[in-house]
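Everything on this sheet refers to the single structure shown next.
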Amino acid sequence: MIKFPKDFLWGSAASAPQTEGAAAMGGKSPSTWDKWFELNPELFNQNQGPEITSDVYHQYREDVKRMKEIGMNSYRTSIAWTRLLPDGKTLNEEAVRFYRDYFTAMLEEGVEPIINLFHFDMPWWLMEQGGWEIRASVEHFAYYAKVAFEQFGDLVKRWTTFNEPLVHIECGYLLGCHYPAKNDWRLMVQVGYHTLMAHVRAVEEFRKCQIEHGEIGIILNVSPAYARSQSPEDLLAKEVSDNRSVYSFLDPCVLGTVPEKLVELLKQFDLLPFVEETDEKLIAENTVDFIGLNYYQPTRVKAPDHPQTPPQGFRDLVAGYDWPEKKMNPYRGWEIYPEALYDVALMMKEKYHNIPWYVSENGMGVADEERFLTEEGEIQDDYRIEFMKEHLEQLHKGIEAGSNCFGYHTWTFVDCWSWLNGYRNRYGFYRVDIEDNCKRTMKLSGKWYKQLSEQNGF
Ligand code: NOJ
């Protein structure tokens with residue numbers, strides 16, 4: 001039997017834009033996702049947009065009971081900036097009532113709300129001015145954060161600023177899968193820097209608010225790099241990849257410094273962002289209390305086959321590597337490698353002075369889950385249970401080795417809407433029938449999770 005530490009957090013994560021729905025109701029203004037869908041619905045799987053998603057805006061009271069039913073003692077979701085402050089300045093009382101009622105309902109059922117501020121949902125009014133490209137975005141975000149802390153700080157003790165900042169940065173400015181779908185390295189770095197400063201300023205506002213027993217953190221996606229070989233070139237590829245994708249936010253958020261190697265690389269490729277004089281001090285003084293890490297898959301790297309010399313960019317130092325022994329989740333095209341969770345646990349202990357952290361997302365997206373429906377209407381998702389077990393074993397090993405991990409959250413609680421993918425891949429403990437008013441039915445994994453949390457292990 002594997003036992004987890006006392007008061008371990010068991011729960012799930014989701015976000016406002018992927019679950020709430022009511023995208024144009026209750027005084028909410030459009031986010032980039034609402035607008036992008038309006039402009040280019042053909043980009044979205046089966047034309048599924050963010051208007052309704054899982055209808056949490058109307059079903060949250062019953063949902064909170066469902067959380068309890070499967071043994072969750074905590075739940076992370078986000079506030080929609082566009083709902084709370086539709087024009088960035090004016091407080092929407094209807095939104096305040098909704099979120100207060102939602103968080104109170106959780107507390108009444110013994111489910112701790114962990115509340116995140118930004119989950120890829122940039123307000124459209126701000127995007128029209130340039131979004132994270134402009135420095136003013138930092139102060140707009142800091143104001144939003146302050147209002148959220150003031151309105152809900154009596155109910156919410158654990159706060160996070162951003163979810164997976166690297167995703168809106170890289171997807172929006174390099175890879176084309178988030179609005180504004182640009183491809184511009186220099187802009188991407190600037191957007192990344194403004195995001196970091198927005199985080200730092202929100203932490204500063206949080207400290208000023210002095211929320212009793214309040215703690216603040218950030219949610220980062222972690223995809224540690226594994227090199228093809230121990231050759232110096234392959235090891236350099238690993239170092240470059242980790243600096244870009246792992247240390248870029250962890251170092252400033254936890255240690256208060258931007259990694260030297262990353263600065264050196266940005267300088268070498270003429271990509272350094274514009275900064276303000278007091279930024280360095282602000283970064284140093286506003287580190288976090290805890291970290292959430294979303295772990296899904298590792299990064300396999302090697303030195304590029306035909307790099308330019310001298311290197312002109314990151315692509316001349318690091319390339320993806322197809323590890324022949326990899327085990328795959330075919331639906332998502334992601335490698336399954338639970339061992340990385342142990343390595344991550346040790347990294348947090350050794351490199352990040354054993355700061356408290358938790359697994360803020362881990363999970364398995366699977367398409368066409370109806371294949372596994374029984375006659376009684378239950379999805380037999382043994383593969384998901386297997387996935388969680390394998391990851392929890394590695395996490396447990398890391399905790400035994402002294403890593404300060406305080407919880408394990410899955411993605412996700414009820415099936416939810418996934419950006420351009422819509423409802424193709426399902427992740428939830430509850431199936432959501434989008435053809436039938438988003439009716440929820442518990443999957444086998446929900447039952448298993450209940451046992452897991454009751455026994456605090458398996
Ligand atoms: C990461 C993100 O936080 C979330 O928005 C996304 O849907 C899940 N992981 C699954 O890919």
Side-chain angles (χ1 to χ4, degrees), residues 11-21 23 31-34 36-37 43-45 48-50 53-54 56 74-81 114-122 160-172 175 177-179 195 199 217-223 245-246 249 291-299 328-337 340-341 344 357-367 369 381 383-384 387-388 391 407-430 432 434 445:
S12 288
S15 72
Q18 292 175 273
T19 58
E20 266 177 26
S31 71
T32 46
W33 289 98
D34 302 319
W36 205 15
F37 180 64
L43 295 175
F44 292 70
N45 178 49
Q48 283 160 350
T53 63
S54 298
V56 162
S74 46
Y75 182 58
R76 170 171 64 102
T77 186
S78 65
I79 293 173
W81 186 351
I114 299 179
I115 300 304
N116 180 48
L117 294 171
F118 187 87
H119 201 117
F120 315 155
D121 49 344
M122 167 62 72
T160 58
T161 55
F162 281 83
N163 174 77
E164 300 193 345
L166 280 171
V167 170
H168 73 254
I169 297 164
E170 295 193 344
C171 290
L175 306 171
C177 42
H178 282 205
Y179 197 85
T195 301
H199 157 81
I218 185 168
I219 307 289
L220 302 172
N221 44 317
V222 66
S223 225
S245 310
V246 185
F249 273 85
I291 286 287
L293 294 177
N294 295 353
Y295 173 68
Y296 289 90
Q297 57 170 343
T299 309
M328 290 293 286
N329 168 2
Y331 311 102
R332 202 61 181 79
W334 285 354
E335 183 182 341
I336 300 182
Y337 188 67
L341 212 41
V344 163
W357 70 282
Y358 79 116
V359 176
S360 40
E361 283 183 33
N362 179 232
M364 195 179 180
V366 173
E369 277 200 317
D381 53 348
Y383 42 84
R384 184 164 288 117
F387 182 96
M388 289 187 281
H391 284 80
Y408 175 80
H409 276 192
T410 65
W411 189 270
T412 182
F413 159 56
V414 295
D415 286 340
C416 71
W417 181 78
S418 284
W419 317 112
L420 296 182
N421 270 335
Y423 276 85
R424 180 162 57 212
N425 296 310
R426 304 302 186 102
Y427 293 81
F429 288 129
Y430 283 86
V432 168
I434 50 172
S445 57

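Remember, it's 1-based here, ligands and their atoms both numbered in the order they're listed.
Those atoms of ligand 1 with a heavy atom of Phe120 less than 4.0 angstrom away are 5 (O). Against a heavy-atom cut-off of under 4.0 Å, Arg332 is close to the following atoms of ligand 1: 11 (O). Ligand-side atoms of ligand 1 in range of Asn163: 2 (C), 3 (O), range being under 4.0 angstrom from any heavy atom. Each of the following atoms of ligand 1 lies closer than 4.0 Å to a heavy atom of Tyr296: 8 (C), 9 (N), 10 (C). In the vicinity of Trp334, heavy-atom distances shorter than 4.0 Å reach the ligand 1 atoms 11 (O). Atoms of ligand 1 lying under 4.0 Å from any heavy atom of His119, numbered from 1 in the order shown and given with element: 2 (C), 3 (O), 4 (C), 5 (O).
Looking at heavy atoms from C-beta onward, Ile115 lies out of side-chain contact with Thr160 at the 4.5 angstrom threshold. Counting heavy atoms from C-beta on, the side chains of Ile434 and Val432 come closer than 4.5 Å.
Judged by the shortest distance from any of its heavy atoms, Trp417 lies outside the 4.0 Å radius around the atoms of ligand 1.
Using the six-membered ring where Trp is involved, Trp417 and Trp33 have ring planes that are perpendicular, over 60° apart on the 30 and 60° scheme. The aromatic rings of His391 and Tyr295 lie tilted to each other, with the angle between the two planes from 30° to 60°.
Of the protein's non-hydrogen atoms, the one nearest atom 7 (O) of ligand 1 is Gln18 NE2, 2.9 Å. In this structure, the protein non-hydrogen atom closest to atom 11 (O) of ligand 1 is Tyr427 OH, 3.4 Å.
Taking distance alone, with nitrogen or oxygen atoms compared against 3.5 Å, Glu361 approaches ligand 1 more closely than that limit.
Between Arg426 and the choices Thr412, Asp415, Asp381, the side-chain hydrogen bond (donor to acceptor under 3.5 Å, both in side chains) rule is met once, by Asp415. Met364 pairs with exactly one of Phe387, Tyr427, Trp411 by the side-chain contact (heavy atoms from CB on, under 4.5 Å) rule, that one being Phe387.
Aromatic rings of His199 and Phe249 (six-membered ring for Trp) have centroids beyond the 6.0 Å cut-off, not under it.
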